[in-house]
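Let me begin by presenting the structure, written as structure tokens, before commenting on it.
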Amino acid sequence: MKLLRWGEAGEELPGLLDSKGRIRDLSHLIEDFGPHSLTEQGMDSLRAIDPEALPLVEGSPRIGACLPFVTNFYCIGLNYAKHAAESGMPPPAEPVLFSKASSALSGPYDPIVIPKGSEKTDWEVELGVVIGREASYVSEAEALSCVAGYCVVNDVSERAFQLESTGQWIKGKSAPTFGPTGPHLVSADAVPDPQALQVWLDVNGERMQEGDTSDMIFSVAEIISYMSRHMLLQPGDLIATGTPHGVGMGLKPPRFLKAGDEVRLGVEGLGEQHQTAVAWGS
């Protein structure tokens with residue numbers, strides 16, 4: 001099952017894709033994809049709907065983030081060994097956990113707005129995990145049962161804001177448009193093994209990142225189990241699980257986004273994103 005949201009920014013409606021890849025309108029059945037609809041019961045109810053019985057959405061509407069909001073937008077840092085190496089940091093002994101502001105959430109095809117004063121805006125393709133039930137002290141064996149679905153995330157980052165001043169990483173991760181998410185939320189039952197997915201990212205047609213989730217230092221199950229020992233994970237929480245090597249700061253010389261750059265990225269089976277970088281205030 002592939003869920004998505006369509007319509008102008010701030011006016012998106014919930015929908016799903018039918019077997020032919022067409023958008024079907026769910027708005028007369030649910031208001032949006034909130035925490036209630038992402039629970040096991042909510043997802044089962046959506047799964048029981050016959051897509052052919054839903055109104056067909058005509059044309060090619062804008063696609064918004066596959067979630068209308070996130071209470072918590074968590075991220076895992078340095079979760080691929082080669083990315084840790086290119087960052088000049090040792091592989092972590094346990095998951096490196098930080099957050100993005102929920103206001104960073106944006107659509108998969110919306111522009112990336114380079115913040116005022118930024119010179120080091122970077123890209124990071126990641127597997128996103130959406131929680132579907134409360135998780136507290138869950139084992140690795142039961143951790144994947146807490147997942148509602150998976151999606152593509154671009155963990156856009158401003159490296160100077162993140163690393164070259166005091167404080168936490170969140171300030172380099174949270175500018176508006178720094179969290180493109182979607183295009184689809186793919187239900188967990190359609191992703192039998194989240195550790196067997198290809199991930200990739202291109203800038204201006206040049207392949208910059210290419211990896212496989214089997215290379216994660218900490219698997220999705222390990223991440224959820226670890227996090228659940230430190231906090232209560234709740235339906236609708238989004239976790240970006242780390243990026244492979246090939247980010248701009250790791251290149252020699254480093255390379256960062258500038259206005260007009262085109263970014264394409266995807267995760268196997270979860271869809272693709274496309275963003276154009278634009279200058280702040282343009």
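- R229 has no carboxylate O lying under 4.0 Å from a charged side-chain N of E94, or vice versa, which leaves the two without a salt bridge.
- Put simply, the side chain of T121 does not reach to within 4.5 Å of the side chain of F256, judged on heavy atoms.
- Side-chain contact, E158 with S118: a donor N or O sits under 3.5 Å from an acceptor N or O.
- Taking all atoms of both residues into account, the shortest heavy-atom contact from L38 to M43 is O-CG, 3.6 Å.
- Side chain to side chain, T243 and Q209 meet the donor-acceptor criterion of an N or O pair below 3.5 Å.
- Under the 4.0 Å criterion applied to side-chain N and carboxylate O atoms, R62 and E11 are not assigned as salt-bridge partners.
- What you find for P244 and G211 is that their closest heavy atoms are CB-CA, 4.3 Å.
- By the 6.0 Å contact criterion, CZ on R264 is open, its count of non-hydrogen atoms from other residues, nucleotides or ligands being 12 or less.
- With 3.5 Å as the limit, one finds a donor-acceptor pair spanning the side chains of Q275 and N154.
- Between T213 and Y150, the closest side-chain pair of non-hydrogen atoms is not below 4.5 Å.
- Taking CD1 of I131 as the reference point, atom CD1 of I239 lies at 4.0 Å (rounded to 0.5 Å).
- In terms of modelled atom types and a separation under 3.5 Å, the side chain of N72 and the main chain of Y74 share no donor-acceptor contact.
- K100 places a side-chain N or O within donor-acceptor distance of the main-chain N or O of K173, the cut-off being under 3.5 Å.
- At a threshold of 4.0 Å, the pair K252-E86 does not count as salt-bridged, since none of the basic side-chain nitrogens sits closer than that to a carboxylate oxygen.
- A salt bridge is absent between E119 and R159: the closest approach of a Lys/Arg side-chain nitrogen to an acidic carboxylate oxygen does not fall below 4.0 angstrom.
- No side-chain heavy atom of I49 sits under 4.5 Å from any side-chain heavy atom of R24.
- Using a 4.0 Å cut-off between a side-chain N of Lys or Arg and a carboxylate O of Asp or Glu, R47 and D189 qualify as a salt bridge.
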